[in-house]
Amino acid sequence: MSFYITTPIYYTNDVPHIGHAYTTIACDILARYNKLLGKEVYFLTGTDEHGQKVEKSAKDANVNPKEFVDKLSINFKKLVLDLDCEIDDFIRTTEPRHIKAAQFLWNKLLENDQIYLSNYEGWYSIRDEAFYLENELTKVDGKFKTKSGSSVEWVKEESYFFKLSKWEDKLIQFYENNPDAISPKTRYNEVLSFIKGGLKDLSISRTTFEWGVKVPNNNKHVMYVWIDALCNYLTSIGYPDINNDKFIKFWPAIHIVGKDILRFHAVFWPAFLMAADIDPPKKIYAHGWWTNEGQKISKSIGNVIDPYEIINEFGLDQFRYFLFREVPFGNDGDFSKKSIANRVNADLSNNFGNLVQRISTFIVKNCNSSINPTNNLNNDDKELIKNLDKKFNDYKNYMNNQQIDKSIKSVMELLSLTNVYVDEQAPWSLKKTDKERMQVVLFVVVNIIIKSSIMLFPIIPKSTKKILSMFNMDINNINFNKFDLLISKNIIIDSPSPIFPRIL
RNA sequence: GGCGGAGUAGCUCAGUUGGUCAGAGCGCACGGCUCAUAUUCGUGAUGUCGGGGGUUCAAAUCCCUCCUCCGCUACCA
């Protein structure tokens with residue numbers, strides 16, 4: 001079994017922000033989870049480095065575009081590592097392998113009679129670098145203006161077109177047969193209604209700038225961003241060699257994207273692929289956006305969230321945990337210092353961390369730091385183990401559908417039940433009355449701590465590794481294959497220290 | 001305008017086919033324990049389930065209508 005997951009490639013026109021971190025961590029969580037399942041995982045991210053904006057920014061900065069993107073791309077690559085994300089490849093669209101792949105894809109589309117040369121005409125705003133439809137414009141003094149007041153002019157530009165209109169029925173059919181191919185459900189509905197509203201052929205080349213992948217045999221044109229950029233998902237696994245091991249093993253991919261670029265991934269991209277005789281993606285998952293302390297994030301307001309700032313203040317795992325526990329994956333969320341502090345304290349410090357701490361120190365003090373396996377379970381113990389089993393299944397079901405928040409919640413519920421169990425069994429009382437029974441209770445709880453740590457490993461890898469090594473588990477070999485509900489070996493505990501300090 | 005989603009405790013939200021569905025977490029109040037990172041456990045309070053009307057023995061759950069919010073309605077990415 002294999003699992004291929006991608007982030008969008010990030011545009012090298014600015015420094016990374018919370019949105020980039022969010023998408024990348026989402027993929028990392030799903031990648032790590034699938035590794036725990038024993039699947040062969042391929043996790044791809046990278047940078048999208050072409051286009052008019054980059055060309056212009058580079059010019060403004062008085063450097064050539066390649067130098068410009070070299071610098072910016074590094075920031076994104078660094079962020080991936082600093083977020084503790086285990087990628088398998090970092091692709092850049094300026095790499096020769098990608099240019100080769102994109103041009104091959106183009107030629108394939110040409111060969112399959114999916115591309116023709118014509119003219120793109122419309123009202124164009126130089127200031128906005130965008131075309132407008134007439135119904136988007138208002139007439140001021142006999143001249144059309146955009147809502148923002150920019151003037152527009154009628155522009156006619158030679159362009160290659162992709163025969164998107166031909167794919168309308170096939171896309172509808174594909175999505176009706178694969179209702180899970182777009183998530184969440186509301187996004188699926190949106191895309192389907194968009195397609196049903198009719199598809200026009202798509203302009204897929206530009207002549208107004210040069211910084212892009214050249215159209216084969218016509219150097220006047222560079223490829224439209226979405227042919228160039230989306231092709232990266234193929235490039236990384238060896239396209240155009242579709243018979244190589246990687247391609248065979250991993251395609252089709254699951255694409256995690258922001259809701260703003262859903263259409264490109266869910267309409268254009270599958271059409272390009274089918275037109276080039278390649279299977280459409282397995283799934284496209286659109287996530288939401290973050291606000292900052294209740295406010296929409298924008299550069300002009302100046303409230304862009306720098307991931308490094310959050311990590312430095314709250315910790316990396318705390319940040320990762322908050323992003324995916326706080327908000328249903330797919331919804332918008334609000335980031336605030338108060339909510340991350342509350343969330344981390346309630347779930348990680350108090351519920352999980354304190355359970356680990358109270359049990360581990362108890363074992364160190366009262367059991368000579370060691371706990372032995374046993375099968376001598378009473379009904380209370382069996383009940384809790386049954387809950388472990390149930391929550392583990394819930395957790396997997398949710399993760400399999402990218403419902404990361406719900407899967408985390410399942411583990412938290414298990415940990416709450418365990419805290420209740422500890423209070424009810426009261427090992428500190430058993431210490432005086434029934435030492436044997438006390439050992440059993442501790443053994444049951446240790447099992448839950450270890451299993452919960454493994455379940456949470458994809459979300460908070462560094463902290464859970466600390467916990468697992470505190471219990472002397474083999475942290476280089478964590479997976480679900482050996483996930484027996486009860487551990488069969490003696491557990492020795494190293495001197496415990498709080499893993500999740502409370503945030504004040 | 002069209003299509004779609006949503007309005008349930010202070011906050012974030014669960015509520016399958018109408019009949020323990022009035023709930024959870026956080027927050028708050030009180031109490032217990034003291035193994036633990038002043039942590040944990042228990043108990044409790046607050047809601048005309050957006051408004052109005054209707055169907056039914058019975059509706060947050062079905063129908064009608066109104067109000068509010070959000071998303072999509074193609075070529076910057």
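For the numbers below, each heavy atom of this structure counts, side chains included, while hydrogens, waters and symmetry mates do not. By convention in this document, chain letters (A, B, ...) are assigned in the order of the sequence lines, proteins followed by strands, and residues within each chain are numbered from 1.
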Protein-nucleotide distance (A/Asn345, atom CG; B/U39, atom P), rounded to Å: 8 Å

Among B/A74, B/G5, B/A36, find the nucleotide with the atom closest to the side chain of A/Phe194. B/A74

Atom CG of A/Asn419 and atom P of B/U37 are separated, to the nearest Å, by 14 Å

C1' atoms of B/G52 and B/U68, separation to the nearest Å: 15 Å

Tell me whether the NZ or CZ atom of A/Lys396 lies within the 45° cone about the ring axis of A/Phe392 and under 6.0 Å from its centre. yes

Scan every strand shown for a Watson-Crick or G-U wobble partner of B/C75, both distances under 3.5 Å, and answer none if you come up empty. none

Taking for each residue the nucleotide of RNA chain B bearing the nearest heavy atom, is the 5' side occupied by A/Asn351 or by A/Trp226? A/Asn351

Output the single nucleotide from B/G4, B/U37, B/A77 whose closest atom is nearest the side chain of A/Phe500. B/U37

Between B/C72, B/A36, B/A74, spot the one nearest the side chain of A/Arg187, thanks. B/C72

Any-strand Watson-Crick or G-U partner of B/G25, both distances under 3.5 Å: B/C11

Nearest-Å distance, CG (A/Asp347) to P (B/U12)? 17 Å

Taking the minimum atom-to-atom distance to the side chain of A/Leu202, which one of B/C75, B/C76, B/U40 wins? B/C75

Among B/C75, B/U39, B/U37, the nucleotide that comes nearest once only the side chain of A/Pro498 is considered: B/U37

With a 4.0 Å limit, can you tell me whether A/Arg358 has a side-chain N or O closer than that to the phosphate oxygens OP1/OP2 of B/U39? no

With centres under 5.5 Å and planes under 30° as the test, does A/Trp428 stack with B/C35? yes

Roughly how many Å is it from CH2 in A/Trp269 to C1' in B/A77, rounded to a whole number? 17 Å

Of the options B/G42, B/C75, B/G32, whose atoms approach the side-chain atoms of A/Asp423 most closely? B/G32

Is the side chain of A/Asp201 donor-acceptor paired with the backbone N or O of A/Ser165 at a distance under 3.5 Å, no angle test? yes

Quote, to the nearest angstrom, the C1' distance that separates B/G5 from B/G50. 16 Å

Does any N or O in the side chain of A/His98 come within less than 3.5 Å of the main-chain N or O of A/Asp228, such that one atom is a donor and the other an acceptor? yes

Could you give the distance separating B/G51 and B/G7 at their C1' atoms, to the nearest angstrom? 12 Å

Tell me the interatomic distance from A/Phe209, atom CZ, to B/C76, atom P, rounded to whole angstroms. 11 Å

Quick check for you: among B/C26, B/U37, B/G71, whose closest atom lies nearest to any side-chain atom of A/Glu190? B/G71

Base, sugar-phosphate or nothing for A/Asp48? Non-hydrogen atoms, less than 4.0 Å. sugar-phosphate

Tell me whether the side-chain N/O atoms of A/Asn189 come closer than 4.0 Å to OP1 or OP2 in B/C3. no

Starting at atom CD of A/Glu424, determine the distance to atom P of B/G32, rounded to an integer number of angstrom. 19 Å

Per atom distances to the A/Asn354 side chain, the nearest of B/G5, B/A36, B/A74 is B/A36

On a whole-Å scale, what distance lies between the C1' atoms belonging to B/A6 and B/U43? 35 Å

Could you please name the partner base of B/C35, counting Watson-Crick and G-U wobble pairs only when both distances are under 3.5 Å? none

Check: A/Lys214/A/Gln103 side-chain N/O donor and acceptor closer than 3.5 Å: no

Mind checking the P distance from B/G25 to B/G42? Whole angstroms is fine. 9 Å

Between B/A9 and B/G15, how many Å separate the two C1' atoms, rounded to a whole number? 14 Å

Pairing partner (Watson-Crick or G-U wobble, both distances under 3.5 angstrom) of B/U55: none

Classify A/Ile261 by what it touches in the nucleic acid, base, sugar-phosphate, or nothing, heavy-atom distance under 4.0 Å. nothing

NA contact type, A/Gly353, heavy-atom cut-off 4.0 Å: base, sugar-phosphate, or nothing? base

Side-chain atoms of A/Lys200 come closest, of B/A36, B/A74, B/A77, to B/A74

Strictly by modelled atom types, are A/Asn350 and A/Asn345 linked by a side-chain donor-acceptor pair under 3.5 Å? no

Report which part of the nucleic acid A/Leu164 touches: base, sugar-phosphate, or nothing (heavy-atom distance under 4.0 Å, all strands). base

Round to a whole Å and report the spacing from CG of A/Leu262 to P of B/A77. 16 Å

How is A/Gly198 classified with respect to the nucleic acid when contacts are heavy atoms under 4.0 Å: base, sugar-phosphate, or nothing? base

Please work out if A/Thr361 contacts a base, only the sugar-phosphate, or nothing of the nucleic acid, heavy-atom cut-off 4.0 Å. sugar-phosphate

Report yes or no: do A/Thr47 and A/Glu49 form a side-chain donor-acceptor pair below 3.5 Å? yes

A/His255 side chain to A/Trp269 side chain, donor-acceptor N/O pair below 3.5 angstrom: yes

So A/Ile204, base contact, sugar-phosphate only, or nothing? Heavy-atom distance under 4.0 Å. nothing

When you match A/Tyr120 and A/Arg343 each to their closest nucleotide on RNA chain B, which lands nearer the 5' end? A/Arg343

If we take the C1' atom in both B/G23 and B/U16, what is their distance in whole Å? 15 Å

If we take the C1' atom in both B/A74 and B/U12, what is their distance in whole Å? 35 Å

Closest to side chain of A/Tyr224, choosing from B/C35, B/A77, B/U40: B/A77

Watson-Crick or G-U wobble mate for B/G42, both contacts under 3.5 Å: B/C30

With heavy atoms under 4.0 Å as the rule, sort A/Lys365 into base, sugar-phosphate or nothing. sugar-phosphate

Keeping A/Gln295 on the side-chain end and A/Ile301 on the backbone end, is there a donor-acceptor pair under 3.5 Å? no

Please give the nucleotide sitting opposite B/C49 as a Watson-Crick or G-U wobble pair, both distances under 3.5 Å, or none. none

Output the rounded distance in Å from OH (A/Tyr175) to P (B/G4). 20 Å

Is there a donor in the side chain of A/Asp405 and an acceptor in the side chain of A/Tyr398, or the other way round, less than 3.5 Å apart? no

